Asker: 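Take a look at this one; I'll ask things after.
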Amino acid sequence: MRFFKLSHTAKGKTGKIVAVTYSLKKSANVTFLENGFSIGYTNIDLTHDQDINSDNFSTKGTQKYLCLQEDEGLQVTLYAGGMSGDFWTLDILVDGVPLIANTIKVFTDNKGNLDYNKLIK
Amino acid sequence: MKTACLILLLSAILSLGAKAQILAEDSRGESSIITKNSNVSFNLSEAALSASWNNFRKLAIEKPLQIVWGLSASGNNRGGLSDLFNGSKLTPQSKVGAFIGFRKSYQTTTLGLLKRIKEIENANPDKNEASINTIRELNRQIQENRNTRHTQSLTTYINAGMNADNFRLYNADNATSLSKRFEKVSFRGGFIDLGLNYEYAPRWIFGVSLGYERYNNLDSLSNTNYTLTNTTALNNSQLVTESKINAYQGAYIAYNRTNIKTDALYFGRVSEDYRLVWNTLYTRIILPLQEQQINKVFQAGTAINFYKSEGKFAGGLYLQSNDVFNSLHSTDKFHERLSFGIAAKYTFGSIMSRDFTN
């Protein structure tokens with residue numbers, strides 16, 4: 001429970017605080033923008049969460065992020081770049097339960113971006 | 001063979017912490033693009049093997065400016081794969097090098113806005129109205145920026161190292177002994193390259209490098225297999241033994257040259273599972289500084305690799321003209337100056353990530 005600091009954009013939002021774990025995997029050419037990943041208005045520390053395999057990122061052991069889950073869902077924002085055919089996948093567990101939206105998969109668009117900014121359940 | 005074994009062992013050790021990437025290189029396994037190298041590659045027609053160790057894992061997280069560095073080693077047999085099967089002695093050629101460079105991201109606007117948001121949040125833990133409004137405006141600018149700009153980056157690097165050849169040179173004149181007739185030559189050269197890589201996602205990466213190199217003309221010497229026969233009298237019998245000697249013939253010189261390399265990689269999606277990277281046109285311009293003895297050469301080619309979307313394996317083809325303008329006057333027929341081959345790449349970093357599922 002090391003990380004608990006909601007973004008200013010959470011101001012005025014209503015919901016409940018949940019414990020989130022995740023697993024993020026990418027193909028070789030994808031790059032994630034620094035400070036560009038948040039779940040439920042909590043910034044995710046990708047540098048800390050990078051696995052031995054540099055294409056994988058995840059919470060380790062008992063590590064969890066405390067996030068705000070609104071009635072409409074969990075706000076997930078991720079900014080990334082890559083080459084044609086590249087993609088990333090994301091699995092999120094809320095209080096140990098996988099989201100219905102799992103597995104989220106995003107491919108490179110025609111600008112070379114793999115951005116995601118949605119409320120999901 | 002020892003060289004190849006040592007490099008294979010070295011590559012297995014060095015690749016443990018490295019990142020897997022795929023690249024379409026020339027027939028010698030070389031490229032002016034440094035940040036998309038696979039860890040270990042095998043070129044089946046040139047019997048080439050290369051390995052690299054670098055900090056590319058840090059590039060998984062984009063920052064405005066990042067240092068990139070790496071070490072690389074490569075080895076190949078001059079005679080290609082055929083010599084591995086006919087029992088002749090190999091002519092090992094090896095190269096070790098190191099590079100350092102800077103990668104500048106052109107996502108600086110978005111990166112700057114994201115950093116600014118973090119700074120405002122850290123400075124205003126009370127979430128006052130002014131900071132909330134500022135962050136809302138910064139987020140709007142990020143969305144606008146992402147909808148209009150391509151992902152781009154520019155890498156500037158210096159790459160330097162040493163190369164070596166070990167072979168026997170046939171001396172017809174003044175050779176009083178077998179060892180003088182087949183002189184053992186150990187060539188040690190060096191190189192330094194300055195290069196630029198420009199990435200314009202999602203399709204293109206362009207590379208150009210300018211280099212200075214100490215090299216030799218081994219490529220232009222003829223490689224010959226000799227049979228040495230020894231006869232020993234044993235009472236009324238004769239014992240005959242034969243041994244093979246592989247040597248090069250011709251006027252051997254070591255010289256200095258400048259190299260200019262260009263590459264243009266195109267990335268495409270073939271199907272749900274397969275991707276391609278096509279080096280649409282690469283050029284290698286070799287300008288010797290002793291032009292009276294060595295001709296300048298212009299090489300050009302195209303190479304294509306196919307790989308699984310996870311990047312676990314790549315296989316491909318290359319087609320190269322080793323002398324586009326017939327500077328060496330080897331043959332007037334253009335198609336006879338073409339070479340083609342098959343390349344296969346195994347990326348250890350990817351093999352380690354077998355758990356990756358779509």
Side-chain angles (χ1 to χ4, degrees), chain A residues 5-13 23-38 41-58 77-89 91 103 105 107-117, chain B residues 17-22 36 56-64 105 107 110-111 114-115 117-118 120-121 124-125 127 131-132 135-136 139 142-143 146-153 199-203 205 267-270 274-277 309-311 347 349-350 352-353 355-358:
Chain A
K5 194 167 76 173
L6 291 179
S7 162
H8 283 39
T9 46
K11 185 87 172 181
K13 310 281 184 188
S23 172
L24 174 67
K25 297 174 181 177
K26 70 177 190 68
S27 56
N29 295 311
V30 173
T31 56
F32 298 119
L33 269 61
E34 187 180 36
N35 302 315
F37 184 26
S38 66
Y41 307 105
T42 293
N43 190 262
I44 306 298
D45 187 351
L46 284 172
T47 305
H48 176 272
D49 294 347
Q50 191 171 25
D51 295 349
I52 292 170
N53 179 343
S54 59
D55 290 332
N56 294 354
F57 301 80
S58 60
T77 304
L78 177 53
Y79 297 110
M83 304 307 288
S84 178
D86 275 322
F87 63 91
W88 55 258
T89 63
D91 285 281
T103 299
K105 187 172 187 177
F107 285 95
T108 311
D109 66 14
N110 59 10
K111 291 276 190 298
N113 300 329
L114 302 88
D115 295 349
Y116 192 82
N117 191 16
Chain B
K19 184 179 178 180
Q21 304 248 2
I22 305 292
K36 302 293 173 191
F56 292 166
R57 70 177 274 117
K58 290 186 181 297
L59 301 183
I61 300 169
E62 185 100 32
K63 295 175 183 174
S105 169
Q107 305 308 301
T110 303
L111 287 165
L114 288 166
K115 188 182 175 191
I117 289 172
K118 193 175 183 184
I120 292 171
E121 289 184 340
N124 300 280
K127 294 185 173 59
S131 63
I132 289 169
I135 288 171
R136 189 174 293 136
N139 275 317
I142 288 172
Q143 290 303 324
R146 299 297 286 173
N147 291 334
T148 53
R149 294 206 58 170
H150 282 254
T151 289
Q152 299 165 72
S153 68
E199 190 173 319
Y200 188 78
R203 297 290 186 191
I205 300 178
F267 288 76
R269 184 178 172 183
V270 181
Y274 286 92
R275 308 285 182 265
L276 69 83
V277 54
S309 54
E310 306 93 329
T347 51
S350 294
M352 288 166 65
S353 62
D355 60 328
F356 194 107
T357 52
N358 292 347

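Predicted, not measured: the structure shown is a model, and the values here were computed from it. Protein chains get the first letters and strands the later ones, always in sequence-line order, with residue 1 at the start of each.
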Asker: Under a 4.5 Å heavy-atom cut-off, does chain B meet the side chain of A:D115, its backbone, both or neither?
Answerer: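 The side chain, not the backbone.
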
Asker: Taking side chain as everything from C-beta outward and backbone as N, CA, C, O, which of these in A:N117 sits under 4.5 Å from a heavy atom of chain B? Side chain, backbone, both or neither.
Answerer: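 When you check distances to chain B, only side chain atoms of A:N117 fall under 4.5 Å.
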
Asker: Do the rings of A:F32 and A:F57 sit parallel, tilted or perpendicular, given the 30° and 60° boundaries?
Answerer: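 Taking A:F57 first and then A:F32, their aromatic rings stand perpendicular (interplane angle over 60°).
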
Asker: Which one, B:R203, B:Q152, B:K118, B:K58, leads in non-hydrogen pairs under 4.5 Å with chain A?
Answerer: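 Most heavy-atom pairs under 4.5 Å with chain A: B:R203.
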
Asker: I'd like to verify something: which residue of B:R149, B:R136, B:R146, B:E62 has the highest number of heavy-atom pairs under 4.5 Å with chain A?
Answerer: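 The answer is B:R146.
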
Asker: Any sub-3.5 Å donor-acceptor pair from A:K26's side-chain atoms to A:A28's backbone N or O?
Answerer: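 Flag set: sc A:K26 to bb A:A28 pair under 3.5 Å.
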
Asker: So which of B:G268, B:P64, B:A201, B:P202 has the largest heavy-atom pair count under 4.5 angstrom toward chain A?
Answerer: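 Between B:G268, B:P64, B:A201, B:P202, the count favours B:P202.
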
Asker: To check you understand the geometry: which heavy-atom pair defines the closest contact between B:L111 and B:S105, and what is its length?
Answerer: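 Shortest heavy-atom contact: CD1-OG, 3.8 Å.
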
Asker: Minimum heavy-atom separation for A:D86 to B:R275, with atom names?
Answerer: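 For A:D86 versus B:R275, the nearest heavy atoms are N-NE, 4.4 Å.
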
Asker: Under a 4.5 Å heavy-atom cut-off, does chain A meet the side chain of B:T148, its backbone, both or neither?
Answerer: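 Answer is backbone: N, CA, C or O of B:T148 sit under 4.5 Å from chain A.
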
Asker: Given heavy-atom pairs under 4.5 angstrom as the criterion, report whether the side chain, backbone, both or neither of A:T47 touches chain B.
Answerer: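 Contact with chain B: backbone and side chain both.
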
Asker: Does A:W88 use its side chain to pair, donor to acceptor, with the backbone of A:L114 at less than 3.5 Å?
Answerer: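 At least one qualifying donor-acceptor pair exists.
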
Asker: Contact part of A:F107 toward chain B, heavy-atom cut-off under 4.5 Å: side chain, backbone, both or neither?
Answerer: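 Answer is side chain: those atoms of A:F107 sit under 4.5 Å from chain B.
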
Asker: Roughly how far apart are B:I120 CD1 and B:K115 NZ, rounded to 0.5 Å?
Answerer: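 One finds 12.5 Å between CD1 of B:I120 and NZ of B:K115.
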
Asker: Below 4.5 Å from any heavy atom of chain A, which atoms of B:I135 appear? Answer side chain, backbone, both or neither.
Answerer: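 B:I135 touches chain A through side-chain heavy atoms alone.
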
Asker: Which heavy-atom pair separates A:S54 from B:R57 by the least distance, and what is that distance?
Answerer: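 That would be CB-CB, 3.2 Å.
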
Asker: Please look at B:N147 and chain A and tell me whether the side chain, the backbone, both or neither of the residue comes under 4.5 angstrom of a heavy atom of that chain.
Answerer: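 Backbone only.
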
Asker: Please classify the contact between B:I142 and chain A as side chain, backbone, both or neither, with a heavy-atom cut-off of under 4.5 Å.
Answerer: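 For B:I142, the contact with chain A is made by the side chain alone.
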
Asker: Does any donor atom in the side chain of A:N113 or A:T108 lie under 3.5 Å from an acceptor atom in the other side chain?
Answerer: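 Checked: A:N113/A:T108 side chains show no N/O donor-acceptor pair below 3.5 Å.
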
